[in-house]
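Written below as structure tokens is the structure these notes are about.
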Protein chains: 2
Amino acid sequence: MSPVPGGGQPTIVSIARQAGVSIASVSRVLNGLGARRETVERVERAASELGYVPNAVARSLKDGRTRQLTFALPDIGNPAYVAMVRAVQGVTKTAGYRLLLHSTDAVVDDELAVLRSLGDRTSDGLIICPIRVTDDHIDALTCAAGPVVVMGSLPSGVPVDSVRADSVTGAALAVRHLHDTGCRRIGFINGPSDTVPGRNREEGYRAALTECGLAYDDALVVETGFGIEAGARAAGELLGRRPDAVFCANDQLALGAARALHARGLRIPQDVAVAGMDDSVLARSVWPPLTSVDLGSTERGRRAAELLVERLDGTAPIPRGTTATAPPRLVVRASTALPTENTRST
Amino acid sequence: MSPVPGGGQPTIVSIARQAGVSIASVSRVLNGLGARRETVERVERAASELGYVPNAVARSLKDGRTRQLTFALPDIGNPAYVAMVRAVQGVTKTAGYRLLLHSTDAVVDDELAVLRSLGDRTSDGLIICPIRVTDDHIDALTCAAGPVVVMGSLPSGVPVDSVRADSVTGAALAVRHLHDTGCRRIGFINGPSDTVPGRNREEGYRAALTECGLAYDDALVVETGFGIEAGARAAGELLGRRPDAVFCANDQLALGAARALHARGLRIPQDVAVAGMDDSVLARSVWPPLTSVDLGSTERGRRAAELLVERLDGTAPIPRGTTATAPPRLVVRASTALPTENTRST
DNA sequence: CTGAAAGCGCTAACAG
DNA sequence: CTGTTAGCGCTTTCAG
């Protein structure tokens with residue numbers, strides 16, 4: 001309540017003065033090291049009387065660690081990332097780290113800045129989801145000033161830990177499923193093709209098409225952003241080409257597409273089937289529930305956080321450049337399975 | 001690339017050595033203070049050769065500020081808070097502060113911990129959204145170790161800045177609108193009534209009912225959580241009571257309720273009208289688009305951040321306990337206006 | 001214009 | 001068991 005004469009917050013000096021002991025004793029008591037019964041009491045009393053809170057900055061300077069971790073993600077509004085945040089948070093909290101969230105909006109310079117900022121010792125480690133991977137990223141990554149885990153695919157050979165989704169396989173899973181349920185004109189709404197996820201999903205789409213004996217038709221593919229409105233607009237364009245299904249590169253796009261279909265009086269899935277990716281909360285929440293490919297957001301978040309924490313604890317000698325890949329899983333819901341086929345879950 | 005002999009990151013000492021000047025000169029050059037042309041060059045060259053990044057922790061210890069701000073919110077998955085984060089981020093970024101996001105999950109102890117953690121000097125200020133306000137909150141708030149802005153209502157007399165929504169009025173707006181469009185059995189899905197928002201929304205609901213000459217009917221009111229699934233379950237319960245409208249305390253609840261209605265083959269709004277609150281991205285994105293009450297999430301976020309930054313810059317002498325209130329605004333969409341009435345927006 | 005030195009709050013040797 | 005002291009990296013007087 002009443003801090004030191006001289007204003008400001010109480011420090012170990014104020015406590016030492018008030019308790020009539022040295023600052024070393026204060027430090028020891030506060031850190032639970034040995035001390036005489038009476039010393040302990042006096043220090044603790046003084047500390048609580050003064051409302052002492054240890055200065056984390058000073059402590060960090062001393063021992064070179066902040067007990068803070070940074071998680072840099074492209075879009076805090078995308079439920080897939082929210083799921084990751086939750087998972088990361090769970091691990092870091094348990095491990096005694098605070099989590100610093102940084103929304104980069106997928107701006108390359110912002111991502112690079114975050115990477116470089118590792119050097120300012122504000123946090124002990126970093127998890128980053130770069131949507132695009134430029135040479136600058138690789139450079140910044142290889143000479144990062146602290147441990148980094150990348151969420152996403154990296155060219156092989158880069159000595160950085162990463163946790164990746166297999167969205168090539170995932171996209172193929174969805175397209176194949178659409179084909180299985182009888183769709184033959186499968187439209188594709190993709191995010192920007194200069195992003196890693198965009199590229200991979202297109203690859204999966206094409207591969208599955210080939211596998212199913214369907215021709216790739218430019219007119220059935222729209223490249224746009226990753227947001228809901230982008231999905232609605234793209235679906236609008238696509239509908240002129242009479243697709244019997246629309247596969248979307250994520251659930252936000254799928255949500256937008258579904259709205260566009262509804263608005264035009266088309267039924268899902270009877271007139272047009274819709275599938276998304278990420279299996280985010282959106283997929284479960286809207287009507288009809290959306291078939292989606294679970295790319296393991298939660299698992300990847302957990303894994304990335306664990307990797308980072310292990311690296312920091314420095315216990316297990318993990319090889320540099322460890323890579324984990326989460327297997328995709330198709331979750332079929334009403335937006336693709338026809339009511340008469342009793343194959344859908346939840 | 002090649003740090004100091006002795007390992008670790010380069011510091012001003014390494015630079016001083018490499019450039020053959022004193023650490024004071026290094027500091028001056030790096031901070032753009034005057035120095036001889038040659039000194040400047042040598043220091044800058046050394047710094048870039050060594051890949052120097054200033055240690056923010058040391059700087060913080062020196063000048064007592066971190067240039068970091070904390071935003072503690074109850075649920076990072078709720079789009080209304082996402083909107084706030086965006087707004088807060090915009091302001092803090094411009095003002096040169098980094099933003100530390102902390103998801104409390106509305107756990108009281110977590111909130112109190114955040115409040116107390118202001119004392120550890122990890123961030124220069126705090127914006128906090130307490131869902132419940134206990135006496136402990138008030139205590140912690142009044143003797144916080146740094147500037148705090150509360151998002152939400154506080155008992156009057158607490159000398160803390162706050163930015164609040166007027167959800168009493170907002171809820172009434174929605175209920176009145178439902179009445180205007182002909183609804184007479186208006187159900188209400190509310191969040192926990194021991195929360196401030198929960199209490200206020202109920203108050204608004206009751207007030208509007210009275211005003212419209214409708215009786216309050218216990219059977220038409222369900223109290224639950226604030227999430228999507230809670231909304232779906234609650235709507236399930238409510239439907240047995242044959243409401244002609246459901247007013248939900250937020251958009252997540254409304255989304256869940258809408259799904260439950262669809263699943264039972266009920267049409268929105270022909271069979272049951274649905275209205276939510278927050279006017280979040282969800283309301284615009286689903287089908288049919290949801291009527292919702294904009295409680296000014298974005299504006300409140302911006303305002304709170306501005307207040308905090310002004311307080312920190314210490315320029316304008318803002319009176320302690322400044323309170324701003326964002327006016328609610330009804331946004332009518334297809335989930336309540338009947339197609340024949342051409343009154344809806346977007 | 002530049003260097004030496006103090007000090008931010010804390011922890012950890014090292015002596016007593 | 002306790003006190004003195006050095007030092008984490010940086011900024012900022014204060015002398016030169």
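Residue numbering restarts at 1 for every chain, and letters A, B, ... go by the order of the sequence lines. Everything numeric in this text was worked out from a predicted model, so none of it was measured.
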Listed by chain and number, what are the side-chain hydrogen bond (donor to acceptor under 3.5 Å, both in side chains) partners of B:E111, not counting sequence neighbours? B:H137
Applying salt bridge (Lys or Arg N to Asp or Glu O under 4.0 Å) as the test, list every pair that has at least one member in residues 93-104 of chain B; sequence neighbours left out. A:D110-B:K93, A:D120-B:R98
Any salt bridge between B:D109 and B:R116, counting N to O under 4.0 Å? no
Earliest and latest nucleotide of DNA chain D, 5' to 3', sitting under 4.0 Å from a non-hydrogen atom of chain A? D:dC1 to D:dG9
Those residues that, when tested against B:N55, pass side-chain hydrogen bond (donor to acceptor under 3.5 Å, both in side chains) (two or more places apart): none
What's A:T39 touching, base or sugar-phosphate or nothing? Going by heavy atoms closer than 4.0 Å. sugar-phosphate
Could you pull out all residues at least two apart from B:R67 that satisfy side chain to side chain contact (heavy atoms under 4.5 Å, CB included)? B:R65, B:Y97
If we fit an axis to the first five pairs and another to the last five of the helix from C:dC1-D:dG16 to C:dG16-D:dC1, what angle do they make, to the nearest 10°? 50°
Please enumerate all residues that pass side chain to side chain contact (heavy atoms under 4.5 Å, CB included) together with A:L101, with sequence neighbours excluded. A:F71, A:L73, A:V85, A:L99, B:I76, B:L101
Residues at least two apart in sequence or cross-chain that pass side-chain hydrogen bond (donor to acceptor under 3.5 Å, both in side chains) with B:R28, listed by chain then number, are none
Could you pull out the protein-nucleic contacts involving nucleotides 7-11 of chain C (nitrogen or oxygen on both sides, under 3.5 Å)?
unit_1, atom_1, unit_2, atom_2, d
C:dG9, N2, A:A58, O, 3.3
C:dC10, OP1, A:Y52, OH, 2.3
C:dC10, OP1, A:N55, N, 3.2
C:dC10, OP2, A:I12, N, 2.6
C:dT11, OP1, A:R59, NH1, 2.7
C:dT11, OP2, A:S27, OG, 3.0
C:dT11, O2, A:K62, NZ, 3.4

For B:S60, what residues pass the side chain to side chain contact (heavy atoms under 4.5 Å, CB included) criterion, not counting sequence neighbours? A:V57, B:T66
May I ask you to say what B:R28 touches in the nucleic acid, namely base, sugar-phosphate or nothing, with a heavy-atom cut-off under 4.0 Å? base
Just jot down the side-chain hydrogen bond (donor to acceptor under 3.5 Å, both in side chains) partners of A:D135, sequence neighbours excluded, or say none. none
In a table with atom names and distances, give each donor-acceptor pair under 3.5 Å that connects a side chain of residues 34-41 of chain B to protein atoms at least two apart or in another chain.
unit_1, atom_1, unit_2, atom_2, d
B:E38, OE2, B:R42, NH1, 3.1

